[in-house]
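Report on the following structure.
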Amino acid sequence: MTDPTPRRAPAGAAVLREDVTEAIRAAVFEELAAVGFARMSIEGIARRAGVGKTAVYRRWKSKLALVLDIVGAFAAQGLPAPATGSLHGDVRALLQVASHALRHPVASQVIPDLLVEAARQPEIAESVTAALLDGQRGVMTQIVREAVARGELPEGADPGRALDLVVGPLYWRLVVVRTPLPAGYVDDLTRSAVAALKA
């Protein structure tokens, strides 16, 4: 027989202050940049956020759950699709945004570390892929679709190949090799990528 009495939520369950949640999220990025995922701890996050460990555990059950939530939220924001009116302009705008994001001091520390953890832990791989790839894939699909409509690319142009050609070299330089971009790199890469897409 079912108990008709509604269960009360645990005390405080419905009152998670948003400012505390945001402080914890900011602390996660800072802690990831400072010590990496493997050495990151709930204690360190709480200390950096200026809250008790309980405040973190009331929102997330583990550091993995916390990082997956943060990465997922980042992915959900997405990238704005450029609309410059030309394939060259759209590719350059995408590269500008991506290079700026990848050179951000926190991102330049966090992204390589998360890629390593994604290779070790299947649970984190999906969210990392979504954050780093899915948003850009959607933007590139729109860029290619509009370029085809303008007659700049042939019917059937592959957005996946386009993304590899356009953003791949940038990731290689900034995330893998980790060397500064020389002057004019974005313009040179734009010209090369557009020429390759049209070939």
Side-chain angles (χ1 to χ4, degrees), residues 1-81 94 96-140 163 167 170-180:
M1 186 172 172
T2 348
D3 181 1
T5 313
R7 294 183 181 277
R8 292 183 59 190
V15 232
L16 296 178
R17 286 176 40 196
E18 189 57 32
D19 60 328
V20 172
T21 303
E22 287 310 309
I24 294 169
R25 286 190 172 120
V28 171
F29 277 110
E30 292 170 12
E31 195 73 359
L32 275 171
V35 302
F37 180 84
R39 293 175 54 208
M40 186 178 79
S41 66
I42 296 294
E43 291 82 357
I45 293 166
R47 187 167 48 251
R48 197 178 283 271
V51 300
K53 285 191 300 182
T54 310
V56 181
Y57 281 119
R58 284 175 66 197
R59 291 160 173 83
W60 299 277
K61 63 182 180 180
S62 66
K63 73 172 184 177
L64 179 59
L66 175 48
V67 169
L68 290 179
D69 177 58
I70 301 290
V71 170
F74 178 77
Q77 292 173 5
L79 288 169
L94 176 61
Q96 285 280 70
V97 171
S99 67
H100 179 73
L102 291 172
R103 283 183 290 182
H104 186 280
V106 174
S108 65
Q109 295 298 319
V110 170
I111 290 173
D113 192 54
L114 286 180
L115 289 173
V116 170
E117 291 304 324
R120 293 177 184 152
Q121 300 192 50
E123 313 97 297
I124 204 173
E126 189 178 333
S127 288
V128 170
T129 299
L132 300 181
L133 181 60
D134 290 354
Q136 289 184 348
R137 186 184 285 135
V139 169
M140 185 55 75
L163 188 61
V167 184
L170 192 65
Y171 268 83
W172 176 259
R173 289 293 299 257
L174 294 177
V175 177
V176 181
V177 181
R178 297 171 69 85
T179 56

Next on the checklist: Please report the interatomic distance CG(Leu102) to CZ(Arg173), rounded to the nearest 0.5 Å.
Outcome noted: 13.0 Å

Checklist entry - Of the non-hydrogen atoms in Val20 and Ala55, which two are nearest, and what is the gap between them? => result CG1-CB, 4.3 Å

Checklist entry - Thr21 and Arg59: which non-hydrogen atoms are nearest, and at how many Å? => result OG1-NE, 2.7 Å

Checklist entry - Under the criterion side-chain contact (heavy atoms from CB on, under 4.5 Å), which of Arg39, Lys63, Met40 is the partner of Leu32? => result Met40

Checklist entry - What is the minimum heavy-atom distance between Thr179 and Leu174, and which atoms define it? => result O-CD2, 3.8 Å

Item to check | Point-to-point distance, once rounded to the nearest 0.5 Å, from CD of Glu31 to CZ of Arg47 | outcome: 7.0 Å

Checklist outcome for this item: Of all heavy-atom pairs linking Ile42 and Ser62, the shortest is CD1-C, 4.1 Å

Checklist entry - At their closest point, which heavy atom of Ala46 faces which heavy atom of Val56, and how far apart are they? => result CB-CG2, 4.0 Å

Checklist outcome for this item: Correct closest heavy-atom pair for Lys61 and Ala65 would be CG-CB, 4.1 Å

Next on the checklist: Any heavy-atom pair between the side chains of Arg120 and Phe37 that's under 4.5 Å?
Outcome noted: no

Checklist entry - For the atom pair CE (Met140) and CG (Leu94), what is the distance rounded to the nearest 0.5 Å? => result 5.0 Å

Item to check | With Val176 via side-chain contact (heavy atoms from CB on, under 4.5 Å) - residues at least two apart | outcome: Trp172

